[in-house]
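Read through the structure below, which is laid out as structure tokens, and then see the notes.
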2 protein chains.
Amino acid sequence: MAAPTRADRGGSQTLKALLGIRELVFSGAIGPGERLSEVILSHRLSLSRTPIRAALAQLEQEGVLETIPSGGYTVRGFTQADVADAIELRGVLEGTAARFAAERGVAPVRLQAMHALLAEIDTIVAEPQEMDFSAYIDRNGEFHELLHTLSGSDTLRRELARVMKLPFALPNAFVTAQAQMPEIRASLVVAQAQHRAIVDAIELREGGRAEALAREHARLARNNLDVVIEDRNLMTKVPGLALIST
Amino acid sequence: MAAPTRADRGGSQTLKALLGIRELVFSGAIGPGERLSEVILSHRLSLSRTPIRAALAQLEQEGVLETIPSGGYTVRGFTQADVADAIELRGVLEGTAARFAAERGVAPVRLQAMHALLAEIDTIVAEPQEMDFSAYIDRNGEFHELLHTLSGSDTLRRELARVMKLPFALPNAFVTAQAQMPEIRASLVVAQAQHRAIVDAIELREGGRAEALAREHARLARNNLDVVIEDRNLMTKVPGLALIST
DNA sequence: GTCCGTATGAATGTATACATCTCGTATACG
DNA sequence: CGTATACGAGATGTATACATTCATACGGAC
């Protein structure tokens, strides 16, 4: 039983506030530009103002909220360009992670773990009829997380963790939408080919190639964004994309 | 009279706490690994615990502090590799900023401002006898800030602002140390040549070249780091470098 | 009718009291 | 003498009361 330790950063209240407010924002219940009142939120979430304040401050750091010069916070409005930039930024950072891994080398044990993941994703993607998207999302997330670790740079890993606080910048952001698109399989097959190429480049210590590949890999998500934007119905399927305003 | 508006994020107390704690940490008064007690800090800075808490949370986001699993914060210890990574990360992000500026184009007015800055730095660096380091630091800072803006990406600009919260990652971090080194002039002349090349590449819409140049520009700082590390006397001249532990 | 000053209300910023948990220490038992 | 347990000091987490500031609306003067 996961004994609720203080490590949860407010084992209860502050974490509740964080998750609660995030939910309110990304579900669109509050809407871009709208002001977040501490007292109203504290009533709505049945918490005191203190954990609410802590959560608001953190969400501002995450880029979800903006400070009002006179005090307080509003929901940040994202443009399509903002989302595209966030995705490309992830690509740049993951490219750097891949390059670091290639240049600095990685322990054989970890490469083995990488290959194990690749094999699992292979079988998932190769599924003839119905793909297990849930499994794909899990393994794909693990792949990227491991890649970040392989960089060997904590500073870089932190920064990547930060950028991926924005849900639409996540590697898995568009997978659920892809599940409803006709060319799904092909798209994921391409993604997996890129996964393999990235690992290959890392093993061969080809830093430049590893970086370029990881960037291109993120561009897949970038392309999907353009497709999804066209289809308002699909947009609701991508987490956090409801925040896009103009 | 700068009317203290709430926009200062705690017009007084919270800002005081932030600056105060940062000072305590970067001056080495607290030291890596040491725990930061809220009550002790509140006494030391003559503030209540509330603004202290807010400042601690922010400094943790900035990467200066680390959370203890059981609650509370300690001063983060930086290795030489951490500092090098932070500098290289800045280079990667500034490279992306330069590439964006080249690819997306910048308004002529802003390019003019860029050239004006370049001209000013030229005259400063060309000074025959004593260089005005203070002026150089100011203009150099403005150059980099403007470069970040020229990217046209707010997301990227935010991320750059974050990375540069670590003082040793700042473009100006090693200038004061350079002032005490024999090869100062040459080093800054090279830096200025790179400045010009970056702007040139942006004007010619050569994204790849702009990115590579900005990265190489950051490597100058990286190289200076190695030199400074050797000389414990110089280390104290570089802000925040006292945090380096092992 | 418009503009400016004032006043009122609500929001955030701050301080502090209280609750809860962690960790060190001392003591008792095996 | 070592270990386990219980206790206590001190830390953070939380709630709330108080101070201060900002925005809005109202009223009066020009």
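Owing to the predicted nature of the structure, the values given are computational and were not obtained by experimental measurement.
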If you apply the rule side-chain hydrogen bond (donor to acceptor under 3.5 Å, both in side chains), what do you find for A:Asp85 with B:Ser153, and how did you get there?
CA-CA 7 Å; A:Asp85 282 355; B:Ser153 168; 2.9 Å; yes

So does B:Glu88 pair up with B:Arg215, basic N to acidic O under 4.0 Å?
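Judged by the 4.0 Å cut-off on N to carboxylate O distance, B:Glu88 and B:Arg215 do not form a salt bridge.
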
Between [N] atom [atom2] and [X] atom [atom1], what is the distance in whole Å?
X       : N      : atom1 : atom2 : answer
A:Tyr73 : C:dT12 : OH    : P     : 10 Å
B:Glu38 : D:dG13 : CD    : C1'   : 9 Å
A:Leu45 : D:dT14 : CG    : P     : 14 Å
A:His43 : C:dA11 : NE2   : C1'   : 14 Å
B:Arg53 : D:dT14 : CZ    : C1'   : 9 Å
A:Leu41 : C:dT12 : CG    : P     : 9 Å
A:Leu36 : C:dA11 : CG    : P     : 12 Å

Selection residues 18-31 of chain A - residue pairs positive for side-chain hydrogen bond (donor to acceptor under 3.5 Å, both in side chains), sequence neighbours left out
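Of all non-adjacent pairs touching residues 18-31 of chain A, those that pass side-chain hydrogen bond (donor to acceptor under 3.5 Å, both in side chains) are A:Arg22-A:Glu62.
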
Strictly under 3.5 Å: I want the nitrogen or oxygen pairs between protein and nucleotides 15-17 of chain D, one per line.
from, atom 1, to, atom 2, distance (Å)
D:dA15, OP1, A:Gln13, NE2, 3.1
D:dA15, OP2, A:Ser48, N, 3.3
D:dA15, OP2, A:Ser48, OG, 2.9
D:dA15, N7, A:Thr50, OG1, 2.6
D:dT16, O4, A:Thr50, OG1, 3.4

Any idea which of C:dT22, C:dT12, D:dT12 is nearest the B:Ser70 side chain?
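Among the listed nucleotides, the one closest to the side chain of B:Ser70 is C:dT22.
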
Regarding A:Ile52, tell me which of base, sugar-phosphate or nothing describes its non-hydrogen contacts under 4.0 Å with the strands shown.
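Nothing, no nucleic acid heavy atom in range.
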
With heavy atoms under 4.0 Å as the rule, sort B:Leu56 into base, sugar-phosphate or nothing.
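No contact.
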
Provide the closest heavy-atom pair for B:Arg35 versus B:Thr74 in the form atom of the first, atom of the second, distance.
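Heavy atoms of B:Arg35 and B:Thr74 come nearest at CA-CG2, 4.1 Å.
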
Give the ring-plane orientation class for A:Phe143 versus A:His217, where under 30° counts as parallel, over 60° as perpendicular and anything between as tilted.
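Perpendicular: the ring planes of A:Phe143 and A:His217 meet at over 60°.
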
Would you call B:His195 and B:Leu117 a side-chain contact if the rule is heavy atoms closer than 4.5 Å?
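In short, these two side chains do not touch, never coming nearer than 4.5 Å.
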
